[in-house]
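Encoded as structure tokens, the structure appears first; notes follow it.
If you read the sequence from its start, that first residue is 1, and numbering goes on from there. Basis for what follows: all heavy atoms, side chains included, without hydrogens, waters or symmetry-related copies.
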Amino acid sequence: MQVAETLGLQNQTVIKEFILLGFKHLQSIRIILLLVFLIIYIMTIAGNVLIVLLVATDRHLHTPMYFFLGNLSCLEFFYSSAILPRMLASFFNGDRSISVNGCFVQHYFFAYLAAVECYLLSAMSYDRYVAICKPLHYVSVMNGKLCLHMASGSWVTGFIASTITIILMSRLVFCGPNEIDHFFCDTYPIMQLSCSNTLLLRILILTFVSLFTLPPFTLSLLSYTYIISTIIKIPSTIGKQKAFSTCSSHLIVVTIYYGSITVAYALPDLNSLSNWNKLISAFYTILTPLINPLIYSLRNKEVKDSLQRSTVIAWVRNQVSNHNSRILQTNITRQSENVSKKK
């Protein structure tokens, strides 16, 4: 239901609530979609939390590469949580409404985390560049101070970029219609509903987004250009395979993320392409946070070894705890029997 507050001007209203149409053509299988996306969300949270715990607790993973991976997994946890819970709620109760303020809050966190991910991926690309192209200087270059500055700089820069964007968008006025043909509050679907002149705003947002996203994308591109060039020059096949294995997981993640975003935002703004746009958007907002931990765990020997060590340690601790519990129970039983005999 459209909620509106009447203004002084005749026949002009200001929208207080949006309707997220989402996957409107699939409402007949709403329960199936609820179960599918709920499973995806649970697996996403579990996978990323597991990687964060492994990186934090296993000293073998206390390296620059896994420090950035821990940051990325932490980001993916919040990234999926900014979109999926609201979608799950709409599938569950059929209520697709969201307040204007709630919509802007969702958009803010989406834009913030998306910008941070661009910078974290570029930091990871630079780390792989130093590891492969300048291996003798790796320890001195990728020191703890630089890694901390790069990670914190990613989070701060993302905050600045998203704050500027949301401040610009907060000047929009909405007076109907109030239906967003998307499953979350994305930039251009929101601006399409504004009765303000959005031309200048679109130019400003495009400028700011370009300033904040092109540098990390360029750094990632240059890093992998040098990495591939260096790998090609390695004489032995085994050496090439070993060098490529150290960056293949991250290269896959970078390709998927930037590729899906480029396709989503490069498509022309046509109603006939809205479903395709939503499908691509679902890929980088919902599936990417899910497949990232899978890519890094399945293709990375160190992560798999860490998981095995953690599993063994947990099993041993459980056995020791059970053994100690049995000993304690036996001692208590014996003491009780001795007391009974004395009486």
field: Check: Tyr119 main-chain N/O paired with Ser122 side-chain donor or acceptor under 3.5 Å
entry: yes
query: Would you call the rings of Tyr108 and Phe159 parallel, tilted or perpendicular if under 30° counts as parallel and over 60° as perpendicular?
result: perpendicular
- prompt: Which word best sums up how the rings of Phe217 and Tyr258 line up, parallel for under 30°, tilted for 30 to 60°, or perpendicular for over 60°?
  reply: perpendicular
- request: Would you mind reporting whether Pro177 and Leu193 have side-chain heavy atoms less than 4.5 Å apart?
  value: yes
- prompt: Donor-acceptor pair, Asp127 side chain versus Ala123 backbone, under 3.5 Å?
  reply: no
task: Check whether any side-chain heavy atom of Phe67 lies under 4.5 Å from a side-chain heavy atom of Met142, and answer yes or no.
output: no
task: Just say parallel, tilted or perpendicular for the rings of Phe23 and Phe183, cut-offs at 30° and 60°.
output: parallel
query: Can you tell me if CD1 on Ile31 sees more than 12 non-hydrogen neighbours from other groups inside 6.0 Å?
result: yes
- request: Return yes when atom CZ of Phe104 has more than 12 non-hydrogen atoms of other residues, nucleotides or ligands closer than 6.0 Å, and no otherwise.
  value: yes
task: For the residue pair Asn71 and Val55, establish whether any side-chain heavy-atom pair is separated by less than 4.5 Å.
output: no
- request: For the pair Ser140 (side chain) and His137 (backbone), establish whether a donor and an acceptor sit closer than 3.5 Å, ignoring hydrogens and angles.
  value: yes
- prompt: Any side-chain heavy atom of Tyr66 within less than 4.5 Å of one from His60?
  reply: no
query: Within the distance-only criterion (no hydrogens, no angle test), does the side chain of Thr288 pair as donor or acceptor with the backbone N or O of Phe283 below 3.5 angstrom?
result: yes
query: Does any N or O in the side chain of Thr198 come within less than 3.5 Å of the main-chain N or O of Leu201, such that one atom is a donor and the other an acceptor?
result: no
- prompt: Atom OG in Ser125, atom CG in Leu120: separation rounded to 0.5 Å?
  reply: 10.5 Å
Ser90 side-chain N/O to Met87 backbone N/O, donor-acceptor pair under 3.5 Å: yes
query: Any link between Leu214 and Ile160 through a network of hydrophobic side chains (Ile, Leu, Val, Met, Phe, Trp, Tyr) touching at under 4.5 Å?
result: no
task: Please work out which of the three classes, parallel, tilted or perpendicular, describes the rings of Tyr284 and Tyr257, given edges at 30° and 60°.
output: perpendicular
Non-hydrogen side-chain atoms of Pro293 and Leu50 separated by less than 4.5 Å: no
query: Looking at side-chain heavy atoms only, is the closest gap between Tyr79 and Phe110 below 4.5 Å?
result: yes
task: Using distance alone, with no hydrogens and no angle criterion, decide if Glu76 and Asn292 have a side-chain donor and acceptor under 3.5 Å apart.
output: yes
query: Would His182 and Tyr188 count as having a side-chain donor-acceptor pair, cut-off 3.5 Å?
result: no
field: His62 NE2: over 12 foreign heavy atoms closer than 6.0 Å
entry: yes
- prompt: Atom CD1 of Ile232 and atom CD1 of Ile227: how far apart are they, to the nearest 0.5 Å?
  reply: 12.0 Å
Separation of Ser154 OG from Leu75 CG (nearest 0.5 Å): 9.5 Å
message: If we ignore hydrogens and angles and just use 3.5 Å, is the side chain of Ser196 paired with the main-chain N or O of Val173 as donor and acceptor?
response: yes
- prompt: Sub-3.5 Å donor-acceptor pair from the side chain of Arg96 to the main-chain atoms of Leu21, do we have one?
  reply: yes
- prompt: If only atom types and distance count, is the side chain of Ser229 paired as donor or acceptor with the main-chain N or O of Thr225 below 3.5 Å?
  reply: no
query: When hydrophobic residues are tied together by side-chain contacts of less than 4.5 Å, even through go-betweens, does Phe37 share a cluster with Ile98?
result: yes
